[in-house]
Colleague: 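Mind looking over this structure? Questions follow.
Please read these numbers as outputs of a predicted model, since none were measured by experiment. Worth knowing before you read on, the calculation uses all heavy atoms, side chains too, and leaves out hydrogens, waters and symmetry mates.
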Number of protein chains: 2
Amino acid sequence: MAPKSKDASTEERIKEAARTVFTQKGYSATRTRDIAEEAGINLALLNYYFRSKEKLFELVMAEKIRELFGVITPIINDSKTSLEEKVALIVEAYITMLSQNPGLPLFVLSEIRNNPEHFANNLQVGKLLTESYFVKQLLEKRPDVFPLHYIVNILSMSIFPFIVKPVLESTGVINAKQLNAFTEERKTLIVKWFKAMIDS
Amino acid sequence: MAPKSKDASTEERIKEAARTVFTQKGYSATRTRDIAEEAGINLALLNYYFRSKEKLFELVMAEKIRELFGVITPIINDSKTSLEEKVALIVEAYITMLSQNPGLPLFVLSEIRNNPEHFANNLQVGKLLTESYFVKQLLEKRPDVFPLHYIVNILSMSIFPFIVKPVLESTGVINAKQLNAFTEERKTLIVKWFKAMIDS
DNA sequence: GTCTATAACCTGATAGAC
DNA sequence: GTCTATCAGGTTATAGAC
């Protein structure tokens with residue numbers, strides 16, 4: 001990702017720290033001093049490299065949006081895979097990715113809520129949800145059901161456990177390790193459930 | 001809710017404004033000036049009635065947590081309703097309530113993420129997810145599946161559309177009115193899907 | 001109870017030495 | 001490139017007049 005020298009350059013250290021802190025606390029609750037401390041550098045260096053808190057945030061945010069929505073993009077418009085194959089691929093991709101980055105959905109969704117207009121340019125995501133090959137296949141199978149229902153179901157069943165992770169953990173229902181096993185198990189279950197759903 | 005005089009007292013006006021602004025922007029992004037303006041009162045009155053921003057927030061937050069989790073409490077431990085009846089009641093209750101308060105889940109979940117330890121006392125919620133009558137019924141029907149899977153499915157399919165509402169709207173996939181019809185339609189669909197799931 | 005004015009503090013950003 | 005010191009602006013909270 002960094003075509004720089006050998007190890008983590010100062011610039012990359014700051015960016016990485018920003019990823020961590022922003023994702024954990026959100027834009028407003030994050031102080032530039034938090035990022036500087038996390039990166040182990042001086043506060044002034046943040047502005048030297050990135051000009052402002054907002055500029056650094058936008059960099060991280062754009063990256064996180066690509067991470068979150070980029071997962072389905074290549075899968076959903078593939079004309080060579082079947083409906084069920086797509087579902088299996090989407091579920092596998094999301095759960096694997098979110099296991100490494102559990103805070104991602106809550107972060108992105110919160111920030112979009114706080115600043116919807118700033119995100120409005122990304123209407124390419126909308127097209128995927130209304131005009132993709134996946135939608136066409138859903139309609140062929142079930143012309144009587146609005147396809148967004150199934151898309152929401154697949155995404156919700158895959159992503160929701162990570163969104164409520166803080167609740168599950170702080171209430172002692174499940175710990176981080178158990179949650180990992182739990183979501184791993186869901187990879188096959190959701191595909192099975194989807195089949196049952198779409199045939200019902 | 002307010003056993004006060006006739007109309008909205010100043011105290012209640014401030015609390016109501018706090019509900020609105022905190023829910024919309026979260027704790028950190030909210031300035032006490034925003035609340036004062038929304039309430040149409042002077043900034044100093046906020047501190048006169050509630051001492052501090054944090055104190056006011058805790059009041060609102062406790063209320064919102066009760067709103068969000070209180071929905072299932074009476075349903076989930078009722079020994080007189082069947083499994084499927086419970087599912088129908090949960091879905092109905094959540095979708096109806098969230099249609100009136102769409103920002104609630106994202107708000108509560110974000111704030112819990114930002115401050116998990118502060119929320120740790122609410123482990124009563126955990127008991128509902130692991131020891132309720134509902135869990136017992138799920139286990140009777142499907143002893144081979146970890147019951148939390150089904151609970152997550154029902155909650156996710158009901159709540160997730162409201163969590164991604166800002167995305168659906170800002171990408172032009174669906175507008176507020178359409179989302180309402182969409183979630184309304186899901187009330188019966190989710191129950192149907194649940195039956196298919198648990199029998200598969 | 002409600003307001004104005006201001007204190008006390010915090011945060012983002014920069015100047016300037018090294 | 002990196003640091004220390006500090007400024008400028010904004011935010012919470014309070015003092016004190018009415």
Colleague: Among C/dG12, D/dA13, D/dA15, which nucleotide sits nearest the side chain of B/A44?
Modeller: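 Minimum distance to the B/A44 side chain belongs to D/dA15.
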Colleague: Honestly, is B/K53 close enough over B/Y27, meaning NZ or CZ under 6.0 Å from the six-membered ring centre and within 45° of the axis?
Modeller: yes
Colleague: Taking atom types as they are modelled, is there a donor-acceptor pair under 3.5 Å from the base of D/dG10 to the side chain of B/R31?
Modeller: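 Check fails, no donor-acceptor contact within cut-off.
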Colleague: What integer distance in Å separates B/I35:CD1 from D/dT11:C1'?
Modeller: 12 Å
Colleague: Classify the nucleic acid contact of B/R51 as base, sugar-phosphate or nothing, counting any heavy atom under 4.0 Å across all strands shown.
Modeller: sugar-phosphate
Colleague: Does B/T32 have a side-chain nitrogen or oxygen under 4.0 Å from the phosphate oxygens OP1 or OP2 of D/dA13?
Modeller: no
Colleague: Take the protein atom CG of A/N42 and the nucleotide atom C1' of D/dT4, then report the distance between them rounded to whole Å.
Modeller: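 Whole-Å distance recorded here is 7 Å.
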Colleague: Rounded to whole Å, please give me the gap between CZ in A/R33 and P in D/dC3.
Modeller: 15 Å
Colleague: Can you tell me the distance, in whole Å, between the CD1 atom of B/I41 and the P atom of C/dT4?
Modeller: 11 Å
Colleague: Output yes when at least one side-chain N/O atom of B/N47 is less than 4.0 Å from OP1 or OP2 of D/dA13, else no.
Modeller: yes
Colleague: Rounded to whole angstroms, how far apart are CZ on B/R13 and C1' on C/dG1?
Modeller: 13 Å
Colleague: What integer distance in Å separates B/F50:CZ from C/dG1:P?
Modeller: 12 Å
Colleague: Under a 3.5 Å cutoff, is there a donor and acceptor pairing between the side chains of A/T171 and B/K127?
Modeller: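 There is no such pair (donor and acceptor under 3.5 Å, judged by atom type) between the side chains of A/T171 and B/K127.
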Colleague: Please name the residue in the list B/R142, B/K141, B/K192 that meets the salt bridge (charged side-chain N to carboxylate O under 4.0 Å, His left out) test with B/D199.
Modeller: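 Option passing the salt bridge (charged side-chain N to carboxylate O under 4.0 Å, His left out) with B/D199: B/K141.
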Colleague: Pick base, sugar-phosphate or nothing for A/T30, based on heavy-atom distances below 4.0 Å to the nucleic acid.
Modeller: sugar-phosphate
Colleague: Report the nucleotide, chosen from C/dG12, C/dT2, D/dT2, that has the shortest atom-to-atom distance to any side-chain atom of A/Y49.
Modeller: D/dT2
Colleague: Same cluster or not: A/Y133 versus A/I151, using hydrophobic residues (I, L, V, M, F, W, Y) connected whenever any side-chain heavy atoms lie under 4.5 Å apart?
Modeller: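 No; A/I151 is not reachable from A/Y133 via cluster members.
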Colleague: For the pair B/R19 and B/E12, evaluate salt bridge (charged side-chain N to carboxylate O under 4.0 Å, His left out) and give the outcome as yes or no after the intermediate values.
Modeller: CA-CA 10 Å; B/R19 279 188 269 261; B/E12 186 53 40; 2.5 Å; yes
Colleague: Could you state the CG-P distance from B/L45 to C/dC3, rounded to the nearest angstrom?
Modeller: 5 Å
Colleague: What is the separation between atom CG on B/L43 and atom C1' on C/dT6, rounded to the nearest whole Å?
Modeller: 12 Å
Colleague: Is the distance from OP1 or OP2 of C/dA13 to the nearest side-chain N or O of A/Y48 less than 4.0 Å?
Modeller: no
